[in-house]
Amino acid sequence: MTPSMDTVVQLPLLWALTAFLLTTWLPFRTAFRPGLWSIPGPFLAKFTDLWKLAAVWAGHLEQTIIEQHRQYGDLVRIGPITISMVDPRGIELIYGLKSNFPKSKFYNAFMAVNKGKPVETFFTTQNMLYHSAIKRPVSSAYSMTTITDNEWHIDKIMEKLLWYLEAEFCRKIMLEHNRYWPMASFLWGSGYSFDVISEMTWSNSFGYLEHGADINSMIRSLEADMDYYAPVGKMPWIDDLFRGNPINLYVARKSSTFAKLAVDKIRERRAKTTLSAQEERDFLSRFLKASKTRYQTVDDKEIASYMVTNIVAGSERTAISIRAVLYYLLKTPAACKKLREEIDTADLPDGPLGYTSVERLPYLGAYIKEALRVHPVVGLPLERVTPITFQLPNGQSLPAGTVVGMCAWPVHRDLATFGNWVEEYMAEWWLQGSDEDEETFDYRINRMKRADLTFRHGTRACLGRNIGLIETYKTIPTLLRALNIEPVDPRTEWTLKKAWFVRQADFKGVCLRTATSTSFS
Ligand code: HEM
């Protein structure tokens with residue numbers, strides 16, 4: 001059968017129309033989306049999320065966003081429907097309790113897989129009702145009172161760390177090798193924080209400190225996962241295509257390492273007839289208690305998901321924070337000296353320091369806050385979706401369905417809030433100046449606090465904030481008191497691996513010696 005004359009004429013027209021739509025009309029429509037087209041930003045980003053993906057892939061989105069904001073101002077369009085904002089007033093509007101904006105699809109990539117099925121967690125869910133339903137039964141387990149009542153879990157691991165560093169390594173290796181020990185994996189790596197959070201969760205640490213190695217490469221594979229999630233989260237359909245497609249999920253039908261471990265721990269705990277005092281009060285016991293009263297919401301799948309979230313969200317972030325504080329202290333010898341003096345004169349008890357005995361030390365607080373300002377853990381914008389038209393502080397409005405996010409790196413470098421010293425480590429700014437009256441100081445410090453995105457803010461703020469803070473506040477002075485930690489060469493820099501987290505790699509210049517040894521040879 002030969003095609004009719006009409007078809008012959010129509011076919012090329014159809015192709016031309018399709019080509020026009022694909023090459024001109026659709027990109028034009030995307031770029032000139034009402035409410036967004038006037039917001040400045042990189043040209044490519046108006047048309048496609050490839051711009052974001054490429055910047056994350058290249059490992060410097062946080063720096064690129066800082067530069068974009070310096071070039072274009074407070075609002076930058078970094079994707080066809082994505083806006084980055086830097087004005088600290090936006091924090092309350094986007095993340096505050098009243099706004100309740102859901103997370104964007106970026107978080108889909110972070111979903112764990114259990115028996116071939118993606119599992120939503122506190123961290124990943126975009127359903128705010130589900131989020132509040134699963135958070136309510138367990139939120140008291142993360143309160144300041146509960147965590148300080150259970151500091152002994154942290155103390156146990158801290159004692160191991162001290163023993164390990166002093167007895168096992170420092171003394172021995174110092175005697176053998178020029179009396180210093182280049183700080184390596186255990187403290188510098190994440191093993192310590194992994195051990196703390198596993199001890200708090202099920203009263204048994206992974207044992208990184210004892211093994212001195214990355215058991216079953218769990219840390220390495222978690223880091224690799226995070227490095228994968230960050231770029232694919234910027235174009236979530238890529239993850240759907242490769243990892244989340246039904247064929248892959250069916251063929252794999254596997255659970256993530258942490259999900260399997262959590263299920264085993266629940267089974268073991270249920271089989272126990274008596275529990276130790278420690279087990280009675282750990283997270284797992286609290287989750288199991290919650291399941292008795294809220295059994296419709298908190299089933300075993302949910303308990304496993306709470307446990308996985310604890311391990312995944314509570315290990316790397318705290319390790320990165322502790323490393324940041326140590327790094328900036330070591331790079332600023334005057335600060336380190338001042339802090340040592342503060343600790344020495346504070347009349348503190350022996351052994352691992354309690355949170356209540358150190359939280360009021362002014363220099364310690366200032367050094368920690370400043371390190372987390374200069375080096376926030378998360379390096380990407382925390383994306384939320386506007387459910388309705390969103391009125392910005394400058395009067396402009398964004399249409400419903402816009403992805404809007406603030407990244408801690410540019411926000412913590414906002415010149416209007418932090419002054420011209422934003423790139424410097426200047427902890428004293430968190431303290432009242434000698435020529436500053438109370439009122440001026442209160443005004444200044446409150447502005448700085450309102451611009452603090454370290455743990456974020458509002459409904460989806462960090463659930464483990466108290467753990468992260470207590471662990472950091474306890475660990476830094478306990479270490480400084482027990483050991484002299486010094487840079488071999490203060491000019492040495494660390495290297496940074498930037499994806500979802502801005503993770504530090506080897507800072508080889510650091511070495512340890514016990515506080516009692518007098519000098520390096
Ligand atoms: C110093 C250490 C820590 C820092 C700097 C930190 C930082 C953050 C930040 C910035 C977020 C918001 C992420 C987002 O909106 O995408 C977050 C969320 C979260 N963090 Fe932390 N975190 C730390 C420690 C912990 C610990 C120890 C735990 C666990 C037990 C934890 C559990 C969580 C959870 C569950 C969320 C998700 C909350 C939600 O969406 O409702 N974090 N954290």
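When a ligand or atom number is given, it counts from 1 through the structure's own listing order. Quick note: residue numbers are just sequence positions, from 1.
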Identity and separation of the nearest protein heavy atom to atom 30 (C) of ligand 1: Asn310 OD1, 3.3 Å

Return yes or no for this condition: an N or O of Phe122 is under 3.5 Å from an N or O of ligand 1. yes

Hey, which atoms in ligand 1 end up nearer than 4.0 Å to a heavy atom of Tyr142? 30 (C)

Looking at Ile467, which atoms of ligand 1 are within less than 4.0 Å of one of its heavy atoms? 27 (C), 30 (C)

Does the N or O separation between Arg465 and ligand 1 drop below 3.5 Å for any pair? no

Quick check on contacts: which atoms of ligand 1 are under 4.0 angstrom from a heavy atom of Phe123? 13 (C), 16 (O), 37 (C), 40 (O)

Tell me, please: is His131 in heavy-atom contact with ligand 1, that is, under 4.0 Å? yes

Is there a heavy atom in Glu471 that sits closer than 4.0 Å to ligand 1? no

Out of all atoms in ligand 1, which are within 4.0 Å of some heavy atom of Val377? Include the element for each. 5 (C)

Heavy-atom nearest pair, Tyr306 first then Ile134, reads OH-O, 2.7 Å

Identify, for atom 10 (C) of ligand 1, the protein heavy atom at the shortest distance, and state residue, atom and that distance. Thr454 O, 3.3 Å

Is there a donor in the side chain of Ser321 and an acceptor in the side chain of Arg317, or the other way round, less than 3.5 Å apart? no

Answer yes or no: is there a donor N or O on one side and an acceptor on the other, between the side chain of Glu370 and the main chain of Met426, under 3.5 Å? yes

For Ile219 and Gly191, which heavy atoms make the closest approach, and how far apart are they? CD1-N, 3.7 Å

Note the single closest protein heavy atom to atom 28 (C) of ligand 1, along with its residue, its atom name and the distance in Å. Gly464 CA, 3.4 Å

Check Glu383 with Lys52, please: is the shortest side-chain N to carboxylate O separation under 4.0 Å? yes

closest protein heavy atom to atom 12 (C) of ligand 1 is Arg456 CB, 4.0 Å

Residue pair Thr297 / Glu302, side-chain donor-acceptor N/O under 3.5 Å: no

Phe287 ring center near Trp202 ring center (under 6.0 Å): no

Does Tyr107 have a non-hydrogen atom less than 4.0 Å from ligand 1? yes

Can the ring centroids of Tyr367 and Tyr328 be said to lie less than 6.0 angstrom from one another? no

Protein contact of atom 4 (C) of ligand 1 - nearest heavy atom, named by residue and atom, plus distance: Phe455 CE2, 3.4 Å

Consider every N or O of Arg384 and every N or O of ligand 1, then say whether any pair is closer than 3.5 Å. yes

The protein heavy atom nearest to atom 39 (C) of ligand 1 is Arg460 NE, 3.5 Å

Heavy-atom contact under 4.0 Å between Trp500 and ligand 1? yes

Check: of Ala461, Gly468, Cys462, min heavy-atom distance to atom 23 (C) of ligand 1 comes from Cys462

Close N or O approach (Thr472, ligand 1; < 3.5 Å): no

Salt-bridged, Asp452 to Lys449, with N to O below 4.0 Å? no

Any heavy atom of Phe283 closer to ligand 1 than 4.0 angstrom? no

Side-chain donor-acceptor contact under 3.5 Å, Asn150 with Trp152: yes

Contact check: Thr309 vs ligand 1, nitrogen or oxygen atoms, below 3.5 angstrom: no

Starting from atom 43 (N) of ligand 1, what is the nearest protein heavy atom, named by residue and atom, and what distance separates them? Arg317 NH1, 2.7 Å

Looking only at protein heavy atoms, identify the closest one to atom 27 (C) of ligand 1 and say how far it is in Å. Gly314 CA, 3.3 Å

Does the Lys NZ or Arg CZ of Lys160 fall within the cation-pi geometry relative to Tyr208 - under 6.0 Å from the ring centre and within 45° of the axis? no

side-chain hydrogen bond (donor to acceptor under 3.5 Å, both in side chains), that's the test. Do Thr125 and Asn127 meet it? Break it down for me. CA-CA 5 Å; Thr125 189; Asn127 179 337; 5.6 Å; no

Salt bridge check, Glu67 against Arg70: does any charged N sit closer than 4.0 Å to a carboxylate O? no

Within-cut-off N or O pair, Ser321 and ligand 1, under 3.5 Å: no

Is it the case that the side chains of Asn204 and Glu279 hold a donor-acceptor pair, with the cut-off being a distance below 3.5 Å and no angle test? no

Does the side chain of Tyr327 come under 3.5 Å of the side chain of Glu493 through a donor N or O and an acceptor N or O? yes

May I ask you to identify, for Thr318, whether its side chain, its backbone, both or neither come under 4.0 Å of ligand 1 on a heavy-atom basis? both

